[in-house]
Amino acid sequence: MLLTIRQARQKTRALFNHPLYVLYSTNTPPAAANSILAYPFLPSSVSVSSSNVLSTSRTIELQPKDVVLSFKEWFMSRKNPVFDRIFDILKTQDDITADISLSRFNLRLSEALVLDVLNYEKNKDVLSCLKFFDWAGRQPGFHHTRATFNAIFKILSKAKLMSLMVEFLDKYMKQRYFHKARFYNTLVIGYSVAGKPELALQLFGRMRFQGVDLDAFAYHVLLNALVEDGFYDAFEMVLKQIKFRGFEDSITHAIFVKSLCQQTELDRAEEYLRGLLRNGGVGLSGIVVANLVDALCKSKQFMRAASLVQDFRESGLVPMEQAYSVWIKDLAQAGELSEAVEFLKGKKLFDGYVPDVFRYNSLVCRLLRENRLEQVYDLLMDMKDQDIVPDDVTMNVTLCFFCKVGMADVALELYDSRAEFGLSVSSMTYNYLINTLLGDASVDEAYFVLKNAIEQGYFPGRRTFSIIADALCREGKLDRVKELVLAALDRNCMPSDSTYNKFISALCRASRVEDGYLVHGELSRLDRVTNKNTYFHLISGFNKSSRGDIAARLLIEMQEKGHSPDRRLYRAVICCLCQMEDPEKLFYSLLEVQLSRHEPSCLIYNYFIDGAGHAGKAELARDVFEMMKRNDITPNLQSDILILQSYLKAGKIADALNYFRDLSNRRSLGRKLWNTMIVGLCKANKPENAWNIFWEMRSTVLRPSMECYEELVKLLCSQKDYYKAILLVEDLMQIGRRVSSFIGNVLLLHSLQTPRVFSAWMHSRDLRNMKDHSLALGELIKTFSGGSNLDGDILEMEELIQQCFPLDVYTYNLLLRKLTISEMDLACKYFDRLCKKGHEPNRWTYDILVHGFLKVGRSSEARKFMEEMFSKGFDLTEATKAFV
């Protein structure tokens, strides 16, 4: 039965169960992101703030600039000025000029130097590496070795440049210094490293047919490639050839054990390995042990792997560095990060084991992902102390670490200096850096980082892009969002649809509808569907800019994309078309398209009647109405209401009245038609007609809507006909309905302006013998008309209003205005009370107070409320501005 990781822990600890080790490996608690970061390698005289960094037991305080400097120095240790100049020449000069320039370096070419140059830029500039390899091979006195060939093949293979590798090999076949044996060796190695062992086998067969054989190195490269791709029959054949030729060595044993592990013959592999150990370690190597340890861990046999590591360590016959590295890697991958770190400390203390940069990076990345920042920091310090040359992964994980501990300023400065030490920023680092900057409200810095990321070919992720785009939209920096969106599209990076739609809507709200339309066009080109709300914003934007033709085009387009416009959208587009040149042509063109897209119905015709009516084109509306009847579509009640409204909106009162009378002959007039007529006449400023139609309706069994009462009371008060307005209010109460807030506020507003409202009320009371339930409203009108003051409790006045109608913000503003007439101090107290109760002051609230203070000469207090008012985006009314 497989043993668990937890059981393996005890075995791991047994490898270095020593008092000194136990003392050394005592862990400190994980630190919070706002603790102090220690830098033992810096001068102890440096000191600083400890606001947002990590702490260890070796803490000294540092300024961010010192932190940046220390890490810059470490990162710069990877730079080689000579190598930088070589690659600069290879990148910027043509072949002939580059040959001349490189020759001037007088390099003493050797295998070690060529390998160092190739490794320097192997992950960044593959073509320059190939050019250098080519140049070195043509220099007198130098011949490429198996190691240099293997290095260039690995570089090409990792970059997935198979065609370039074949072209390269074909080119070298023609070189005069190539011997047939060397060429075939090179070709077999190349195809093997490139993951094409079947081609390598074909070449191997061809060369054997020609009497040419591989050397030991090429045999082993081919053998390893066959294992990697599972060609086990061919593997056995090549293995026999290696043994027959006496090439068998520790590499052969390592590949053989690897073969057994891949075929899950772990028992056989371990027995084979222990047999080599019993034989005095002949043929053993660190990679052999590492292969088996890795296979055991992958099959969850951690206890068995721990025993293997301990046994071979105690034998003293095998270098254990590779096995240690594999053991640390597998522990980390299994989530046992504490065990991996503990093991590393023990091996470092007792065996002097120092992992390579790759192993350090792997462990640091996993610790960072788990937010174990204290241990991340310790490992980074270990790397520096051990003079480990940092690579791109090291530098990227360091930037991510500073982001996670809240030191965005340090991360940003190191990022800005990336060109100095040749850092290629990873997408993960871009994400960390951008999100950290956004968290610090550094939107501009985040924008520049994101822009650079896109230019470098990285797209940090839709969520990150969306967050920064939203932040820039909120700050009104739409040009920057546009730049990012277009840059992303140019590089085939696709932000989320919601990001595009929010941006287009923001452009439309900012009156930049043309820019929004440009982005919308890019979306359409990429077959991305703009959402319904964004279409609304685009159409609204073009309506406001009097481009009804484009608005109509977008209306049709949104229908083609599966969205359904509502009546308001149709109305807005039609109104805009009716304001353009040749409106009838545009109007009927859109109607024709809509009728062709839908089954003819009242709904479509009504949309166009409604739009024409709101545009003041009553004749056009009536023409559509008649067209509907000619096409055998029976108008419905809504059609009649819309025609009636079109006459009223166009001021054609006689036509409206005639149509209304004609309707009464054709159908029974329902409540909706009566209400439409009364409200329409009120809005057309026809009080007499509205009054007559109102009482005509009252003579039936139908009752007017509250809107009819409200509009007619408002109109009559504006005409100073307060007596009729009071009669309407009486009628409303007599039929058992409560006065609405709107009517109550209208009466109180006019009562503030003139005592005639109260006079009309009293006259109505004398004539109509009003009942007690209307006395409260009469008392209110009396108070607001100046008949009494609000010197009493304002709460009592609120209760009195509540008996008559519901209070709203308009009512509170009226009360405040009444107080400012004579009691500014009381008005201020009432304002504070309203705010404490949760009522949000609006423009009129502030204006009333400012007006009141200015009127009595208290300008400093008026200025205080003006500043608060302006900070909320409100402006003074014209009446108040006259006092300023």
Side-chain angles (χ1 to χ4, degrees), residues 469-470 473 476 478-479 481-482 485-486 489 495-598 601-617 620-621 624 638 642 645-646 649:
D470 286 351
C473 284
L478 301 180
D479 285 329
V481 184
K482 179 183 176 183
V485 168
L486 295 180
L489 289 174
S496 65
D497 290 345
S498 64
T499 299
Y500 284 123
N501 288 309
K502 287 177 184 177
F503 177 46
I504 294 172
S505 298
L507 287 169
C508 294
R509 286 193 297 270
S511 301
R512 296 178 55 180
V513 67
E514 291 83 4
D515 287 336
Y517 191 57
L518 173 65
V519 178
H520 165 75
E522 288 296 317
L523 279 179
S524 299
R525 183 177 60 81
L526 297 169
D527 294 327
R528 306 290 285 273
V529 179
T530 302
N531 70 23
K532 186 174 182 178
N533 287 335
T534 306
Y535 269 113
F536 280 10
H537 284 116
L538 281 168
I539 292 170
S540 175
F542 280 111
N543 285 335
K544 289 177 182 177
S545 60
S546 301
R547 293 299 307 273
D549 51 341
I550 300 180
R553 188 188 310 159
L554 285 167
L555 182 75
I556 296 168
E557 181 184 311
M558 73 178 288
Q559 292 173 304
E560 292 173 347
K561 300 295 185 181
H563 304 307
S564 300
D566 60 14
R567 177 187 292 183
R568 288 179 302 171
L569 199 61
Y570 273 104
R571 179 190 300 165
V573 172
I574 291 168
C575 285
C576 188
L577 289 175
C578 288
Q579 294 170 3
M580 299 182 69
E581 293 183 10
D582 201 1
E584 292 188 8
K585 179 181 178 181
L586 295 172
F587 177 87
Y588 285 115
S589 176
L590 180 60
L591 176 59
E592 182 181 347
V593 171
Q594 293 304 304
L595 291 174
S596 68
R597 289 186 56 83
H598 306 279
S601 66
C602 274
L603 182 65
I604 296 299
Y605 285 108
N606 285 347
Y607 282 163
F608 280 80
I609 294 172
D610 175 67
H614 276 80
K617 303 285 186 180
L620 209 54
V624 175
Q638 187 64 29
L642 290 172
Q645 288 176 333
S646 71
K649 289 179 189 299

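These values consider heavy atoms only, across backbone and side chains, with no hydrogens, waters or symmetry-generated copies.
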_Pair Asp479 + Arg512: basic N to acidic O under 4.0 Å_ = yes
Tell me whether [X] at atom [atom1] has more than 12 heavy atoms from other residues, nucleotides or ligands lying less than 6.0 Å away.
X      : atom1 : answer
Arg568 : CZ    : no
Lys561 : NZ    : yes
Glu592 : CD    : no

If you take all heavy atoms of [X] and [Y], which pair is closest and at what distance?
X      : Y      : answer
Leu538 : Gly516 : CD2-C, 3.9 Å
Cys575 : Ala615 : SG-N, 3.7 Å
Lys649 : Gly613 : CD-O, 3.6 Å
Val513 : Ser545 : CG1-OG, 4.2 Å
Ala612 : Ile574 : N-CG2, 3.8 Å
Gly548 : Val573 : O-CG1, 4.5 Å

*Any luck finding a side-chain donor-acceptor pair between Gln594 and Tyr607 under 3.5 Å?*
no
*Establish, from distance only, whether the side-chain atoms of Thr534 and Asn531 form a donor-acceptor pair under 3.5 Å.*
yes
[atom1]-[atom2] distance between [X] and [Y], expressed to the nearest 0.5 angstrom:
X      : Y      : atom1 : atom2 : value
Leu603 : Gln638 : CG    : CD    : 9.5 Å
Cys576 : Ile550 : SG    : CD1   : 10.0 Å
Asp549 : Leu590 : CG    : CG    : 11.5 Å
Cys508 : Asn533 : SG    : CG    : 12.0 Å
Phe587 : Leu577 : CZ    : CG    : 9.0 Å
Met580 : Ser546 : CE    : OG    : 8.0 Å

Flag the pair [X] / [Y] as yes when at least one side-chain heavy-atom distance between them is below 4.5 Å, and no otherwise.
X      : Y      : result
Glu584 : Lys617 : no
Tyr517 : Leu554 : yes
Ser511 : Lys544 : no
Tyr500 : Thr530 : no
Val529 : His563 : yes
Met558 : Ile539 : yes

_Which residues pass the salt bridge (charged side-chain N to carboxylate O under 4.0 Å, His left out) test with Asp470, not counting sequence neighbours?_
Lys502
*For Arg509, all residues meeting salt bridge (charged side-chain N to carboxylate O under 4.0 Å, His left out), sequence neighbours excluded*: none
*Step by step, work out the side chain to side chain contact (heavy atoms under 4.5 Å, CB included) result for Leu620 and Tyr588.*
CA-CA 10 Å; Leu620 209 54; Tyr588 285 115; 3.4 Å; yes
_Could you check, using the six-membered ring where one of them is a Trp, whether Tyr535 and His520 have ring centers closer than 6.0 angstrom?_
yes
_Is it the case that the side chain of His614 and the backbone of Asp610 share a donor-acceptor pair, with hydrogens and angles ignored and the cut-off at 3.5 Å?_
yes
*Judged by atom type as modelled, is there a donor-acceptor pair below 3.5 Å linking the side chain of Lys482 to the main-chain atoms of Asp515?*
no
